[in-house]
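Note on naming: letters A, B, ... go to the chains in the order of the sequence lines (proteins, then strands), and numbering restarts at 1 for each one.
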Amino acid sequence: MKQIKLKYLFISLAFATVLASCSKEKIKPTPDTPGSERAGLYVLNQGGIGHNNSTLTYYDYTLKKLTSDIFTVANTEKLGDTGNDLGIYGSKMFIVVNNSDLLDIAEAKTSKLIKKINLTQPRSVVFYKSNAFVTSYSGTVSVIDTTSLTIIKTINVGRSPEQMVVSNGKLYVANSGGLDYPDFDKTVSVIDLTTLAEVKKITVTVNPITITADTYGNVYVLSAGNYGDISAGISIIDNTTDIVKSQSDLSLGYNIPIAAYGDYVYYPTADNKIAMYNAKTQKLERANFITSDVTITAPYAITVDSITGEVFIADAKDYSSNGTVTAFDKNGTKEYSIETGVNPGRITLLNK
Amino acid sequence: MKITISGIFKYSRSLSGYFALLFIFLLACANALAQQDSSKKLKEVVISSSKAPFIQTITPSQQITATDFTRYSAANVADAIRNFAGVNIKDYGGIGGLKTVSVRGLGANHIAVLYDGVQINDAENGQVDLGRLNLNNVQEIALYNGQPPNILQPARSFASASILSIITVKPRLDSGKPFLITAGVKTGSFGLFNPYVQWQQRLSNNWSFIINSYLQKANGRYNYINDDGLVKSRQTRVGSDIDAQQVDGAIYWAKNDSSKFNLRANYYNSDRGLPGAVIVNKPPPAGQRLWNKDLFLQAGYDHLFNSGIHILLNSKFSKNYLHYFNPQFPSTAGFLDQNFTQHEYYQSAALSCYLLPNWEISYTADLSVNNMSADLPGFRYPTRVTLLNVLASTFILGKTTFQASLLNTNVTENVATGTTIPHRNIFSPTVMATIKPFDDACFQIRGFYKYIFRVPTFNELYYNFITNTKLKPELTNQYDLGFTYSKNLDGLFEYISFTGDAYYNNVTNKIVYTPNLYNGSVENFGKVDIKGLDAGLKTQARLGAGYDAVLSVNYSYQQAQNVTDPTSSIYLNQLPYIPKNTFAFNAGVIKGPIGVYYNQQQLSSRYYNNNNNDEDYLPKYTVSDASVVYKGAYKHLPVILSAEVNNLFDKNYMVVQSYPMPGRSFRISFQITI
């Protein structure tokens with residue numbers, strides 16, 4: 001009985017993997033060999049607030065070479081203070097440098113700066129149809145044309161917006177209100193990506209920060225709660241009706257990165273384990289995704305490779321020394337680990 | 001609940017034990033005194049006529065007196081002690097910038113600052129901004145590792161890893177000239193205007209008073225070179241203006257040497273800019289402000305009974321108000337406006353007596369109540385009641401002196417809402433000894449062991465919206481072995497003194513604050529091992545032809561290693577901001593009324609994070625100061641004129657990452673005494 005179930009699982013997993021791969025631009029028949037399609041990975045390290053020590057670590061898959069700060073190698077200046085997010089779109093890389101009030105646009109493959117755009121306390125970046133969307137603590141999402149590299153529109157959203165996700169032709173923005181303590185925000189703004197206007201605000205658990213989407217029409221929102229009587233939690237939004245279909249409390253730690261791929265959603269719990277949630281059955285698959293003997297002290301970022309299914313988990317350690325990024329295969333077995341800079345907050349894969 | 005670390009931890013529920021202890025103590029004193037009446041003789045203070053500094057203390061000590069402040073181009077207490085061995089000043093730059101001190105690799109919260117024997121306590125931050133403490137009314141500053149040598153003192157003097165003792169100017173007038181007025185003004189770079197006045201008045205044979213007042217105004221501006229990656233540009237530090245006033249008055253009563261009383265009131269008011277970190281791509285930070293309104297009243301009574309029992313009573317009330325405003329906070333309101341008020345009620349009672357002519361014992365109890373309010377949402381409004389009890393003893397046997405003390409700390413905390421830290425009852429011992437092994441009394445060997453801790457501050461416990469009430473005290477063990485050599489000479493050198501101390505400190509349950517944008521986390525995160533060396537040389541020479549020369553050299557070695565986790569990549573790495581080598585040099589030549597001085601401080605490279613790699617690197621620096629002082633008379637009235645240059649060679653450097661320090665600056669001052 002058990003065997004049959006497992007078999008079933010494997011088949012569905014394989015099926016889902018193929019399906020998911022199909023939805024991407026490039027299809028690779030042997031997805032399990034890393035490096036066949038990827039050139040390497042970038043890790044954006046926040047550094048310490050006020051230290052101006054944000055760095056960009058690059059790991060080259062082919063050469064197995066680690067460059068601790070490729071940004072200063074490629075450019076004549078430092079990245080700045082608290083690099084918060086990094087996204088690659090086409091040949092360009094967009095780096096959100098939060099405390100330097102900066103959006104750096106660089107060549108994805110060389111990290112060479114193309115343009116700098118000043119934005120007030122920018123937080124994160126996503127892309128959709130030749131536009132980049134950047135949240136800012138001024139309560140807005142800036143729309144930037146990725147060709148002309150100019151701001152074409154600024155959309156008002158909720159308070160202290162954090163992360164975004166594109167799902168079903170819509171942009172979902174987590175409005176944390178985190179700087180208005182104790183009066184947190186508790187909404188997710190829905191932006192129509194055709195009209196570039198906010199169409200709805202969905203109420204979720206207080207203080208939503210991170211957000212991701214699966215291929216089953218669900219948008220997952222992690223909220224930190226109010227650090228008092230309202231617990232942290234997860235809200236799952238139906239991307240057709242834009243209604244919260246389920247909401248539950250979770251025991252989350254200080255850092256709450258979330259990532260989804262295929263059938264699974266990954267997020268860290270208060271005991272610094274990586275929970276693996278089944279998107280298809282909407283049930284917790286495993287309390288700890290990691291099967292190798294690896295301890296993550298401070299899980300700071302999670303990224304899943306949509307080609308290989310590998311899961312990359314960043315560890316910020318003591319927040320004032322270099323962190324690590326550990327790569328796991330899709331079964332949770334450790335593959336390798338690389339050293340990053342201080343507070344590795346974003347892992348982004350670079351294609352060849 | 002029971003924790004066992006090298007100290008002894010116990011939990012007690014009643015005060016009856018202390019009263020029993022006090023009773024036994026008094027009984028012992030009375031019994032001993034009934035048998036002998038030699039205490040008077042022993043009480044005599046040994047005043048050395050030599051010029052050699054007083055270094056032969058049982059624990060390492062370093063002093064600076066008022067006459068030397070200009071020699072070190074010092075404008076505040078932080079400047080005055082920066083040359084001391086083992087001292088590390090964290091300086092955020094500029095005239096109003098925060099300056100805190102840490103000693104021998106232990107954090108700034110492990111030093112207690114005493115003002116005429118009574119602690120300037122800050123339950124909120126646990127650190128005193130030494131940049132704020134003006135030198136106008138200071139007579140002497142002393143730093144003691146471990147604790148001061150005297151055992152008749154408030155219990156708080158026993159309750160920190162090191163003590164910085166500030167002694168104020170006392171009126172010393174006779175009926176011939178019953179008043180003394182000193183007025184002066186300092187001006188120079190940073191747009192500084194600092195007039196001050198001191199009035200000493202003798203009222204009667206028993207009564208006298210002193211009043212000090214100053215005004216400090218400065219725009220605080222200075223130029224620095226901003227190294228924005230590979231591009232260097234000249235920028236001006238703005239938003240660091242200060243407008244401060246202080247009034248300090250004390251009334252003294254003395255009836256012969258055995259009975260003394262004083263009452264002091266001190267009020268400080270300031271409005272200053274708080275320049276933040278210099279951030280890449282952002283305009284120079286400006287606009288954040290701090291307002292302080294601090295009041296304290298302090299009284300002391302010292303009485304030596306004919307019976308030989310010596311008592312020392314100290315009382316203090318303080319109220320500290322702090323207002324912080326940040327006009328550029330990216331919240332919906334767009335600003336941050338916070339108000340904090342702390343109160344302290346403090347009473348100390350100490351008594352000592354000689355059980356034998358060579359054996360003195362003391363018992364001290366301090367009770368303090370600290371509370372804090374803040375207009376932060378969900379603030380806990382903590383009240384902390386601390387009871388300290390100390391039994392101490394000094395025993396002299398031939399050329400050996402033994403001293404030991406046992407401190408009991410009892411902390412109870414209450415909050416208006418939510419949870420708080422558990423009741424703490426901790427015993428912490430100190431043992432010290434000196435020996436003069438040779439016939440030559442100039443040479444002395446000393447050593448001490450002290451176990452002490454610091455309790456988490458109100459900020460560490462309650463500032464953030466995640467409160468950290470699981471925090472435990474940060475514990476330290478200090479071991480020191482050293483020697484002193486001090487000799488008065490008749491030849492070219494008037495005296496020579498040399499000290500050297502090797503020490504080992506370890507810290508467990510280190511309280512580590514990690515800031516992040518929403519709220520920092522505070523945890524008992526680490527263990528630290530510190531091995532160090534302090535060495536000092538002082539001498540004074542007669543060069544002939546009326547020239548005198550002074551020289552003082554200090555060297556410190558500090559290996560402060562993170563030993564939290566042997567498997568971690570930062571294991572055995574040097575702690576942030578602690579230089580391995582510090583070298584301080586001060587020399588001067590004096591002829592008649594004119595003195596010319598040069599001061600130099602060299603710090604080896606430091607790291608501002610735990611990595612100890614290139615990205616954390618803060619380069620070594622050498623900063624030099626020079627001053628010329630004229631001490632003469634104008635129409636028979638004593639005047640002092642001085643000109644000082646700080647950072648003589650215009651060195652561009654940082655003590656704290658992203659906080660550039662001022663380049664060359666000037667200060668001139670004039671003082672007249674009527």
Proximal component of B:Val656, with respect to chain A [non-hydrogen, under 4.5 Å]: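 Neither part.
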Notebook entry, point to check: With only heavy atoms counted, which part of B:Asn613 is less than 4.5 Å from chain A, the side chain, the backbone, both or neither?
Noted result: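 Contact with chain A is through the side chain of B:Asn613 alone.
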**OP:** Name the option with the most non-hydrogen atom pairs under 4.5 Å to chain B; the candidates are A:Ser321, A:Pro182, A:Ser54.
**Re:**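 Going by pairs under 4.5 Å, I would pick A:Ser321.
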- Query: Taking C-beta and beyond as the side chain, do B:Ser568 and A:Lys317 meet within less than 4.5 Å on heavy atoms?
  - Reply: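 The answer is no; the side chains never approach within 4.5 Å.
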| said: Counting C-beta onward and ignoring hydrogens, is there a side-chain heavy-atom pair between A:Leu102 and B:Lys282 closer than 4.5 Å? | reply: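 No, every pair of side-chain atoms sits at 4.5 Å or beyond.
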Mind checking side chain to side chain contact (heavy atoms under 4.5 Å, CB included) for B:Gln127 and listing every partner two or more places apart, or none if nothing turns up?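 Here the qualifying residues are B:Thr100, B:Ala108, B:Asn109.
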- Query: Roughly how far, to the nearest 0.5 Å, is CD of B:Glu615 from NE2 of A:His51?
  - Reply: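 The NE2 atom of A:His51 sits 13.5 Å away from the CD atom of B:Glu615.
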### Query
Which is it for A:Asp318 and B:Asn610 under the side chain to side chain contact (heavy atoms under 4.5 Å, CB included) test, yes or no, and what are the steps along the way?
CA-CA 9 Å; A:Asp318 67 350; B:Asn610 288 325; 2.8 Å; yes
Using non-hydrogen atoms only, which part of [X] is less than 4.5 Å away from chain B: side chain, backbone, both, or neither?
X: A:Asn118; value: side chain
X: A:Ser100; value: both
X: A:Val342; value: side chain

Can you list, pair by pair, the side-chain donor-acceptor contacts under 3.5 Å of residues 42-50 of chain A, counting residues two or more places apart and other chains?
| from | atom 1 | to | atom 2 | distance (Å) |
| --- | --- | --- | --- | --- |
| A:Tyr42 | OH | A:Ala108 | O | 2.5 |
| A:Tyr42 | OH | A:Ser111 | OG | 3.1 |
| A:Asn45 | OD1 | A:Gly341 | N | 3.1 |
| A:Asn45 | ND2 | A:Thr55 | O | 3.3 |
| A:Asn45 | ND2 | A:Thr55 | OG1 | 3.0 |
| A:Asn45 | ND2 | A:Thr57 | OG1 | 2.9 |
| A:Gln46 | OE1 | A:Tyr300 | OH | 2.8 |

- From the options A:Thr82, A:Asp81, A:Asp101, select the one residue that forms a side chain to side chain contact (heavy atoms under 4.5 Å, CB included) with B:Ile279.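 For B:Ile279, the side chain to side chain contact (heavy atoms under 4.5 Å, CB included) check succeeds only for A:Asp81.
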Just checking A:Lys92: does its NZ atom have more than 12 heavy atoms from other residues, nucleotides or ligands closer to it than 6.0 angstrom?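 Result for NZ/A:Lys92: enclosed.
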Q: Kindly check if the number of other-residue, nucleotide or ligand heavy atoms within 6.0 Å of CG (A:Asp271) is above 12?
A: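 More than 12 heavy atoms, drawn from other residues, nucleotides or ligands, come within 6.0 Å of this atom.
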Practice problem: Identify the two heavy atoms, one from B:Ser658 and one from A:Asn52, that lie closest to each other, and give their separation to 0.1 Å. | Solution: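 Shortest heavy-atom separation between B:Ser658 and A:Asn52 comes out as OG-ND2, 3.2 Å.
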Among B:Ile570, B:Thr564, B:Thr332, single out the residue with the greatest number of heavy-atom pairs under 4.5 Å to chain A.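 Highest number of heavy-atom pairs under 4.5 Å: B:Thr332.
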Inset, instruction - With a 4.5 Å cut-off on heavy-atom pairs, point out which of B:Gly276, B:Pro330, B:Ala277 contacts chain A the most. - result: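 When all of B:Gly276, B:Pro330, B:Ala277 are compared, B:Pro330 has the most.
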Check: So, A:Asn53 side chain and B:Asp616 main chain: donor-acceptor pair closer than 3.5 Å or not?
Finding: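 Here the side-chain-to-backbone pair does not exist.
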